[in-house]
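Below: the structure, in structure tokens.
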Amino acid sequence: MRLPAFLADQRRLRRVLYPSSATLATLTRLHALLIVSSSNHLLASLAAAYARSGALDAAESTLATSPASPSSIAAWNALLAAHSRGGSHSTALRVFRALPPAARPDSTTFTLALSACARLGDLAAAESIKDRAFEAGYSKDVFVCSALLHLYSRCGAMGDAVRVFDGMPRRDRVAWSTMVAGFVSAGRPVEALGMFRRMREDGLEGDEVVMVGVVQACAATGDAQMGASVHGYILRHGMRMDVVVTTSLVDMYAKNGKFDVARQVFRMMPYRNAVSWSALISGFVQNGHADEALDLFRELSTSGLQPDSGAHVSALLACADMGLLKLGKSIHGFILRRLELNCILGTSILDMYSKCGSLKSAQKLFDRVSSRDLVLWNAMIACCGTHGRGHDALALFQELNKTGINPDHATFASLLSALSHSGLVEEGKFWFDRMGKEFGIEPAEKHYVCIIDLLARSGLVEEANDLLASMQTEPTIAVWVALLSGCLNNKKLELGENIAEKILEFQPEDVGVLALVSNLYAAAKKWDKVREARKLMKDSSSKKVPGYSLVEVRGMRHMFVMEDQSHPQLQEILKIVAKLDSEMRKMGYVPRTEFVYHDLEEGVKEQLLSYHSERLAIAFGLLNTSPGTRLVIIKNLRVCGNCHDAIKYISKIVDREIVVRDAKRFHHFKDGACSCGDYW
DNA sequence: GTAGGGTTAG
């Protein structure tokens, strides 16, 4: 059949098929005519027009039902591009795989397909596409190579990215910026900065996109000065200060602790969105300013902008930090009403419950999330571990293995730490052995710390020592400390003395570490060494972080510092402390004054112990909550052995559950016993 | 017609 006259008029037709002028109805009418006329070339153009106007199914079926023509690959490309614009990367890949053999993919096709793989993080799928692209002669194509760079960067294969990059005959700004961003996300910010330098030596200056990566690199190195000079570079080059560039600057300044500058840049933004707020909020949380972070979060909530998931994550982190269970709960409720519960939010909520001492709520949340990713599993395993549930952690780990998700280094760190806290030696040895052999994860420093701690504490000091000697990398102080405390507990004093020497070579300033060394020398009756260690403790204690305890009462946070006299209820608190003290003594409590590292009279030492911040916080909690209420105390340092004893007695006297989170883990005290079984 | 950018969880 002959084409209708207007269809033969190519100029007119092109106007119709051009995206802005064609309505879907026009395209559909045309479609009918073209089918009858069986003009494959025009059908392809029509399909492209369909794709551009969002009618992707129509585009695909048009292409699939008409024979391939020289122009059909452009139409297929338009369809692929439309899918990736819409974020449907797996559909894009499906379309790519379903290409009819006659439609020969070109540079654009491969670029789009590889880009889809990159977004999906699907290295395996990309590999065969790359082979086909290279066979078709596109191995030096700037676009194909850039897509490959992006792919490898996103999948953490920077070695491959570098190989492709080095093989490129010509590198444009996109290629450089992909490398900069790649090194940043691989956690190699110094190399990212090196890339930027090389780029400039190559004669190219940065644009807005490149600079975002460079600013991120400055944020990651913590080099505030470099960050400021990069900021200057951006201003000097007259770049557009769009919301992304400015947000990255806010983030960089906040991460580097330059809160005033971060605030200033933030306040001067002509337009900010939820991400800009989140950047500032998370900067505060990460630097230990949870209070300010929550203030900002409240300000965001009343600013008219809807806080997004990122802002909620930071707010939850702040709650977790300070043990604000009530606020955390209400944020959880808000998320359920207003946002979709994704894995990141779920993990943040779980972690908040865990850190606020509410193991049950954490478990409940974990059970409610239907599609769990590895991070969520890891968080739950870690939660069991810190709450002293080694067996539960192991059971979860085994359940995880049945899902087909592969555990990673963090999974094993949490698992081994859980097993170590619960003293599960056989299980610990078993899984430490398997992690490399069966799961291909080479044990790192943190894994060694757990397993050596576990072995040494369980009396297998020689075995722990052998394992330490077999380490591929130079052991850090943490490994030695784990071994030393095992030596002390199991009276392996000769070995312990050698290790104590080793530890002193690190010139530790941590009072806990020095106390351990001193106690070991005392056990070995090396009194001059004891004096030496005590002197180091005295010198370093001036630099020591002061210990404090937090307790939440009716949604309000209260902070106690040792010997703090400023609290309005101080007299009542001290009365309770004294009353408990005398009752405890009747039950057999003996203050362990060896935990006071000052030369004082015994009586003074005893009194000092009873004024430890956790004791004050507990007394305050008892004073202001009704019987039966659970008390959750958050301590920034580790609970001392004496307080641990004392709280066991207190939990029996007052018939309350008392939960203490210290710098390492949780202790659930009830009926005169602790969940850690005094094994910590 | 195609490639690169900000916050956030263990």
Side-chain angles (χ1 to χ4, degrees), chain A residues 48 51-52 71 73-82 84-85 106-116 118-119 138 141-151 153-154 172-182 184-185 206-216 219 242-252 254-255 272-283 285-286 307-317 320 342-352 354-355 373-383 385-386 407-411 413-414:
Chain A
R52 281 192 297 265
S71 54
I73 192 61
W76 283 107
N77 289 344
L79 179 59
L80 285 175
S84 46
R85 266 197 308 276
D106 63 5
S107 149
T108 305
T109 325
F110 288 121
T111 302
L112 285 164
L114 287 170
S115 160
R119 302 279 171 194
Y138 295 115
D141 184 277
V142 193
F143 279 82
V144 170
C145 286
S146 270
L148 276 174
L149 294 181
H150 188 210
L151 167 83
S153 310
R154 274 188 77 113
D172 62 4
R173 233 184 230 110
V174 174
W176 285 104
S177 81
T178 310
M179 293 304 284
V180 171
V184 170
S185 56
D207 67 356
E208 285 83 355
V209 181
V210 179
M211 296 323 289
V212 167
V214 176
V215 172
Q216 282 180 294
D242 64 23
V243 64
V244 178
V245 171
T246 333
T247 299
S248 73
L249 285 168
V250 169
D251 177 58
M252 180 272 293
K255 277 211 179 92
R272 31 182 119 79
N273 57 23
V275 179
S276 331
W277 281 91
S278 300
L280 191 58
I281 294 173
S282 75
V285 182
Q286 284 164 5
D308 65 350
S309 71
H312 281 93
V313 168
S314 296
L316 286 164
L317 214 59
N342 58 26
C343 274
I344 293 187
L345 278 168
T347 308
S348 307
I349 298 168
L350 190 158
D351 190 53
M352 179 275 296
S354 170
K355 296 210 170 107
D373 70 356
L374 181 60
V375 184
L376 187 70
W377 279 97
N378 289 351
M380 193 63 224
I381 293 172
C383 173
T386 52
D408 68 356
H409 62 100
T411 319
S414 298

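Values in this document were obtained by computation on a predicted structure and should not be read as measured data. Each chain gets a letter, A, B and so on, in the order its sequence line appears, and its residues count up from 1.
- For A:Ser146, counting side-chain heavy atoms from C-beta on, the closest listed nucleotide (B:dT7, B:dA3, B:dA9) is B:dA3.
- For A:Asp351, the side chain to side chain donor-acceptor pair (under 3.5 Å) partners at least two apart in sequence or on another chain are A:Lys355.
- Taking the side chain of A:Val209 as heavy atoms from C-beta on, and the options B:dT8, B:dA3, B:dG5, the nearest nucleotide is B:dG5.
- Counting to the nearest Å, the P atom of B:dT8 and the CG atom of A:Asp373 are 17 Å from each other.
- Out of B:dA9, B:dG4, B:dT2, the shortest distance to the side chain of A:Thr178 is found at B:dG4.
- Residue contacts for A:Val245: at a heavy-atom cut-off of 4.0 Å it reaches a base atom on one of the strands shown.
- Nucleic acid contact class of A:Ser348 (heavy atoms, under 4.0 Å, all strands): sugar-phosphate only.
- Each of B:dT2, B:dT7, B:dG6 was ranked by its minimum atom distance to the side chain of A:Thr108; first place goes to B:dT2.
- Protein atom CH2 of A:Trp277 is 17 Å distant from nucleotide atom C1' of B:dT8, rounded to whole Å.
- Counting only heavy atoms from C-beta outward, the side chains of A:His312 and A:Leu345 approach each other to under 4.5 Å.
- OP1 or OP2 of B:dG4 sits under 4.0 Å from a side-chain N or O of A:His150.
- In terms of phosphate contacts, A:Ser282 brings a side-chain nitrogen or oxygen within less than 4.0 Å of OP1 or OP2 of B:dT8.
- Checked against B:dG4, B:dT8, B:dG6, the side chain of A:Ile344 finds its nearest nucleotide in B:dT8.
- A close approach under 4.0 Å does not occur between any side-chain nitrogen or oxygen of A:Arg85 and OP1 or OP2 of B:dA3.
- Within the model, atoms OG of A:Ser314 and CD of A:Gln286 stand 7.0 Å from one another, a figure rounded to the nearest 0.5 Å.
- You'll find a donor-acceptor pair under 3.5 Å spanning the side chain of A:Thr247 and the base of B:dG6, going by distance alone.
- Atom C1' of nucleotide B:dA3 and atom CG of A:Leu80 are separated by 14 Å, given to the nearest angstrom.
- Distance CG (A:Leu376) to P (B:dT8): 19 Å, rounded to an integer number of Å.
- In this structure, A:Leu149 reaches neither bases nor backbone, as no heavy-atom distance under 4.0 Å exists between it and the strands shown.
- Of the candidates B:dG1, B:dG4, B:dG6, B:dG1 carries the atom nearest the A:Asn77 side chain, counting heavy atoms from C-beta on.
- At a threshold of 4.0 angstrom between heavy atoms, the contacts of A:Val243 include nucleobase atoms, whether or not backbone atoms are also involved.
- Distances shorter than 4.0 Å separate some side-chain N or O of A:Gln286 from OP1 or OP2 on B:dT8.
- Here B:dA9 presents its C1' atom at 9 Å from CG of A:Asn342, a figure rounded to the nearest Å.
- Between A:Asp106 atom CG and B:dG1 atom P the separation is 12 Å, expressed in whole Å.
- When the P atom of B:dT7 is taken as reference, atom CG of A:Asp251 falls 5 Å away, rounded to whole Å.
- A donor-acceptor contact shorter than 3.5 Å links the side chain of A:Ser278 to the backbone of A:Ala311.
- Checking the phosphate oxygens (OP1, OP2) of B:dT8, a side-chain nitrogen or oxygen of A:Lys255 falls inside 4.0 Å.
- A sub-4.0 Å separation between OP1 or OP2 of B:dA9 and a side-chain N or O of A:His312 is absent.
- Nucleic acid contact for A:Cys383: none, since no nucleic acid atom lies under 4.0 Å from a heavy atom of the residue.
- Relative to the side chain of A:Val210, the nucleotides B:dT2, B:dG4, B:dG6 differ in distance, and B:dG4 lies closest.
- Across all strands shown, A:Arg119 has heavy atoms under 4.0 Å from sugar-phosphate atoms exclusively, and none from any base.
- Donor-acceptor pairing under 3.5 Å, judged by distance alone, is present between the side chain of A:Ser177 and the base of B:dG4.
- Taking every heavy atom of both residues into account, A:Ser276 and A:Thr247 meet most closely at OG-OG1, 3.2 Å.
- When heavy atoms are screened at a 4.0 angstrom cut-off, A:Asp408 is found touching base atoms of the nucleic acid.
- Checked by distance alone, A:Asp242 brings a side-chain donor or acceptor within 3.5 Å of a matching partner on the base of B:dG5.
- One interatomic measurement links the two molecules: CG of A:Asp207 to P of B:dA3, which rounds to 15 Å at whole-angstrom precision.
- Regarding contacts with the backbone of B:dG6, a side-chain N or O of A:Gln216 is found under 4.0 angstrom from either OP1 or OP2.
- For A:Val244, taking side-chain heavy atoms from C-beta onward, the closest of the listed nucleotides B:dT8, B:dG5, B:dA9 is B:dG5.
- A:Thr347 comes within 4.0 angstrom of a base, heavy atoms only.
- No engagement by A:Ala147 is indicated, since no non-hydrogen atom pair under 4.0 Å with the nucleic acid exists.
- When only modelled atom types and interatomic distance are considered, A:Ser248 and A:Asp251 share no side-chain donor-acceptor pair under 3.5 Å.
- Base contact: A:Ser276 has a heavy atom under 4.0 Å from a base atom.
- Contact of A:Asp172 with B:dG4 (side chain to base): no donor-acceptor pair of N or O atoms is detected under 3.5 Å.
- When each of B:dA9, B:dG6, B:dG4 is scored by its nearest atom to the side-chain atoms of A:Arg173, the top-ranked nucleotide is B:dG4.
- Here A:Asp373 pairs with nothing under the salt bridge (Lys or Arg N to Asp or Glu O under 4.0 Å) rule; sequence neighbours left out.
- Residues A:Val375 and A:Cys343 have side chains not in contact (no heavy-atom distance under 4.5 Å, counting atoms from C-beta outward).
- Listed nucleotides: B:dT7, B:dG6, B:dG5. Nearest to the side chain of A:Asp308: B:dT7.
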